[in-house]
Amino acid sequence: MPELPEVETICRGIAPLIVGLNIAEIIVREPRLRVLIPAGLSASLQGRTVLAVSRRAKYLLIHFSGDCTLLIHLGMSGTLRFLAEPLPFECHDHAEIIFNQGGRLRFRDPRRFGAILLAYGDPLTHPALAGLGPEPLSDEFTAEYLYLRSRKKTVTIKFFLMEQKTVVGVGNIYVSEALHAAGIAPWRQAGKISRRRYALLVKEVRAVLLRAIAAGGTTLRDFQGATGKPGYFSQELLAYGRAGEPCRKCGGEIQSMRIGGRSSFYCAVCQS
DNA sequence: CATGCGGCCTGGCAGC
DNA sequence: TGCTGCCAGGCCGCAT
């Protein structure tokens, strides 16, 4: 689920609501996520103040006083909602942060592929974040970087772009969109793509992510922002999920195939 | 080291 | 209607 635009949407949504609040208690109803929620989390964070909320890759970072940071990953099906008032727990509501000033942050994740981690000191050195590639919206993400890094790689361009050590935040939806916009077939070998095409790809990755952020993310089924609103970027998708429908650029038919075990969507006319 | 695949979980949906 | 099988936005670990 949440790829970069969705996590960014949640980040921007909750930041103004929780910065400055301090923690009364954290309720953990089901610690068994992809990794176990740390034992004693509530005691560790009780009384600490939220200093800032940021995002790195697909992780949401909540920075607390006392130099510690909560890292939240939403996996495939996770949502994080701010509730002004208490609401009865439902199935799959695994954790909730309750603030002294009122208000609470509820973590729901039916498939439990998400994670809640605690980092002391610089969170970027936490094992989950160390070793990640550059942010796609940063200056480090350039055509030259992709070109040099991809030399001699035989993996598909689709897989290469989705690897978080290449560049972070691009998942199965946005990789289809960016490759479609750049006119590159998803099965092309990463190591055989020219500088010129990488330049176009970098531009299109940035463009699609920015447009998706502006739309509040993509809601296919259950994604929602911090206040429960869906994202509207699904209306703008040009390739993902459109197999059999006409390409909006050339009128050809959008195809689907499986690459690396994941479904991929492309236009055989526009992409090669 | 690079690559490819299965597994983790649950829910929704198509097809029978 | 009810069952089965397949698929899903991510990521890790293992085998080759």
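Values reported hereafter were calculated over all heavy atoms of this structure, with side chains retained and with hydrogens, waters and symmetry mates removed. By convention in this document, chain letters (A, B, ...) are assigned in the order of the sequence lines, proteins followed by strands, and residues within each chain are numbered from 1.
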Do A:R112 side-chain and B:dC9 base share a donor-acceptor contact under 3.5 Å?
no

Cationic tip of [X] above [Y] ring, under 6.0 Å, 45° of axis:
X	Y	result
A:R195	A:Y198	no
A:R29	A:F89	yes
A:R55	A:Y59	no

Just the rounded figure in Å: distance from [atom2] of [N] to [atom1] of [X].
X	N	atom1	atom2	result
A:R149	B:dC1	CZ	P	13 Å
A:F113	C:dC7	CZ	C1'	12 Å
A:N172	C:dA8	CG	C1'	9 Å
A:D109	B:dT10	CG	P	11 Å
A:H92	B:dG11	NE2	P	3 Å
A:L132	C:dG10	CG	C1'	13 Å
A:E163	B:dG4	CD	P	10 Å
A:L237	C:dG9	CG	P	12 Å

For the [atom1] atoms, the ones on [N] and on [M], what distance do you get once it is rounded to whole angstrom?
N	M	atom1	result
C:dC3	B:dC9	P	25 Å
B:dG12	C:dC11	P	23 Å
B:dT3	C:dG9	C1'	23 Å

Within the 3.5 Å criterion, strictly below it, is a donor on A:Y240 or A:S264 matched to an acceptor on the partner's side chain?
no

For A:E6 and A:Y174, does a side-chain donor sit closer than 3.5 Å to a side-chain acceptor?
yes

Can a donor-acceptor pair be found, under 3.5 Å and without considering hydrogens, that links the side chain of A:R206 to the backbone of A:S138?
yes

Please state whether the phosphate of [N], meaning OP1 or OP2, lies under 4.0 angstrom from any side-chain nitrogen or oxygen of [X].
X	N	value
A:R258	C:dA8	yes
A:T154	B:dT3	yes
A:Y240	C:dG9	yes

What does the B/S/- profile of nucleotides 11-16 of chain C look like, 5' to 3', with a 4.0 Å heavy-atom cutoff to protein?
SS----

Does DNA chain C take part in any stems of at least 3 consecutive Watson-Crick or G-U pairs (both distances under 3.5 Å), and if so, which ones?
B:2-8 with C:10-16, B:10-16 with C:2-8

Among C:dA8, C:dG9, B:dG11, which is the nearest nucleotide to the side chain of A:I173?
C:dG9

What's the spacing between A:I26 CD1 and A:L41 CG if we round to 0.5 Å?
4.0 Å

Hey, are A:E3 and A:K58 close enough for a salt bridge, meaning a charged N less than 4.0 Å from a carboxylate O?
no

For A:Q101 and A:N22, run side-chain contact (heavy atoms from CB on, under 4.5 Å): C-alpha distance rounded to whole Å, both residues' side-chain angles, the deciding distance at 0.1 Å, then the answer.
CA-CA 7 Å; A:Q101 293 84 348; A:N22 57 66; 3.3 Å; yes

Assign [X] to base, sugar-phosphate, or nothing according to its heavy-atom contacts below 4.0 angstrom with the strands shown.
X	result
A:S263	sugar-phosphate
A:R221	base
A:F159	nothing
A:G171	sugar-phosphate

Once you measure the plane-to-plane angle for A:H94 and A:F107, does it fall in the parallel (<30°), tilted (30-60°) or perpendicular (>60°) bin?
tilted

Is A:F223 stacked on the base of C:dG9, with ring centres under 5.5 Å apart and planes under 30° apart?
no

side-chain contact (heavy atoms from CB on, under 4.5 Å) between A:F233 and A:I173, intermediate numbers included:
CA-CA 11 Å; A:F233 194 69; A:I173 293 179; 5.9 Å; no

DNA chain B nearest-nucleotide lookup for A:C91 and A:G261: closer to the 5′ end is A:G261

